[in-house]
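So the structure is just underneath, and the comments pick up after that.
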Amino acid sequence: MNILAFESSCDETAAAVVRDGREILSNEIYSQADKFAIYGGVVPEIASRNHLAVISRLADLAIKNAGLTRSGIDAVAVTNAPGLIGALLVGLSFAKGAALALGVPLVPVHHLRGHIAANYLAFPELAPPFTAVVVSGGNTIIADVRGHTDIEIVGSTRDDAAGECFDKAARVLGLPYPGGRLLDELAQSGDEAAFRLPRPSVMGAAHDMSFSGLKTAVVNIVHNAEQKGETVNKADLAASFSAAVSDILVPRVIAAARESGYGVIVAAGGVAANSRVRRDLARACGEEGIRLCLPPLTLCGDNAAMIACQGYYELLAGNVAAMDLNAYATMELQRTPASFGAGVNAL
Ligand code: KG4
């Protein structure tokens, strides 16, 4: 079964074709990230307009590079939540048109379920149950993945997502948006013991996390130094910051995995590309005898192959949508995306 999928929840427009949920036939990504460097972040309306300008060509390219024609597509999957609402609506509307024109089912996919599914593409023999950690620009969660479509959040950030925190810290260090990867590179030459940064806990919620205090601490260090006319060693601060994020995240993921007893952790999302997080996860999993699945960097960020992959399992579970399917800026991971039809109440 060949699934054509679309992803447009933020500033990547993506289209892909995946066979039987596992084999990537094509994976086309148009990143707008460099267009937002001058603004220091994504401007939702500009992102929506850019999606609109390129999505049709990306769809054609994905089908062509898959070695198929339109008649070879068996279903259309699309991210309909969570994300920037205008951006999501572009992908969703296009996917509806494609499904209608091709006469195939329309399959809605939760963006974070898609991130987890990136691991099925990277590790062909991987199957639930396992513990997943999704660390991206908009979300940071630890999930109990009991089945391909039976997923429960067991820990999450109470404030900022880890990626958002990386991007804000990078901005105050003078790095262009999105600064997470550049901060990671800068940290390689820094001393992580140079700055004492907070590693907060959430009382009564062992697996929950908080990153906003850490972000504020970095901003204050830089601003205080500026006011005194001092210079901050940016590499040291980047290294200290990366270590603090990892120290908040990794022990909670390991504790959740220990509790589940599955013996497998999968990582996903853009921040899963972070070298410090990858190293700490690998070391901790080695010590605990837990298998760690870290997808290649190309599958960590937003892409449509992961949406096609999860779409395959949603389709097998019968999670098909009608043409009144809506897009949602937020949505619980537990909720099946198809259960959210706009229905007549929205008219
Ligand atoms: O998963 P993703 O591509 O998009 C969302 O769904 O949010 O994640 C993007 C986030 C950005 O905040 C970016 O700065 C961060 O992932 N990121 C990194 C690294 N590479 C990307 N953060 C830290 N270290 C990296 N190497």
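Just the heavy atoms: all of them, side chains too, but no hydrogens, waters or symmetry mates, feed the values below. Whatever order the structure lists them in is the order used to number ligands and atoms, beginning at 1.
Listed by chain and residue number, nothing satisfies the ring-ring contact (aromatic ring centres under 6.0 Å, His included) test with Phe36 (two or more places apart in sequence, or in another chain). Residues meeting the side-chain hydrogen bond (donor to acceptor under 3.5 Å, both in side chains) test with Ser242, sequence neighbours left out: none.
Contact check for Arg49 versus Val90: no side-chain heavy atoms found under the 4.5 Å cut-off. Using a 4.5 Å cut-off on side-chain heavy atoms (C-beta onward), Ile73 and Val17 make contact.
Side-chain atoms of Asn319 and Glu314 include a donor-acceptor pair closer than 3.5 Å. Side-chain contact check for His115 and Asn139: no donor-acceptor pair (N or O, by modelled atom type) lies under 3.5 Å.
Between atom 8 (O) of ligand 1 and the options Gly83, Gly270, Ala273, the minimum heavy-atom separation is to Gly270. Of the options Glu7, Glu12, Arg181, the smallest heavy-atom separation from atom 19 (C) of ligand 1 is shown by Arg181.
Polar contact check, Gly180 against ligand 1: a nitrogen or oxygen pair lies under 3.5 Å apart. Considering both main-chain and side-chain atoms, Asp302 comes within under 3.5 Å of ligand 1 through a nitrogen or oxygen pair. Considering backbone and side-chain N/O atoms, Gly137 comes within less than 3.5 Å of an N/O atom of ligand 1. Checked against a 3.5 angstrom limit, the closest N/O atoms of Gly269 and ligand 1 fall outside it. Residue His111 places at least one N or O, backbone or side chain, under 3.5 Å from an N or O of ligand 1.
Each of the atoms 12 (O) of ligand 1 lies under 4.0 Å from some heavy atom of Gly163. Set against the non-hydrogen atoms of Gly301, the atoms of ligand 1 under 4.0 Å away are 3 (O). For ligand 1, the atoms sitting less than 4.0 Å from at least one non-hydrogen atom of His115 are 1 (O), 6 (O), numbered in the order shown with element in parentheses. In the vicinity of Gly138, heavy-atom distances shorter than 4.0 Å reach the ligand 1 atoms 7 (O).
Ring to ring, Phe94 and Phe6 are close: their centroids are under 6.0 angstrom apart. Between Phe195 and Phe241, the ring centre distance reaches or exceeds 6.0 Å.
Atom 24 (N) of ligand 1 has its closest protein heavy atom at Asn274 ND2, 3.0 Å. For atom 13 (C) of ligand 1, the closest non-hydrogen atom of the protein is Asp167 OD1, 3.7 Å. If you check which protein heavy atom lies closest to atom 26 (N) of ligand 1, you get Asp184 OD2, 2.9 Å.
Note on ligand 1: Arg276 sits outside its first shell, no heavy atom being nearer than 4.0 Å.
Heavy-atom contacts from other residues, nucleotides or ligands closer than 6.0 Å to CZ of Arg291 number more than 12. Within 6.0 Å of atom CZ in Arg22, more than 12 heavy atoms from other residues, nucleotides or ligands are found, so the atom counts as buried in its surroundings.
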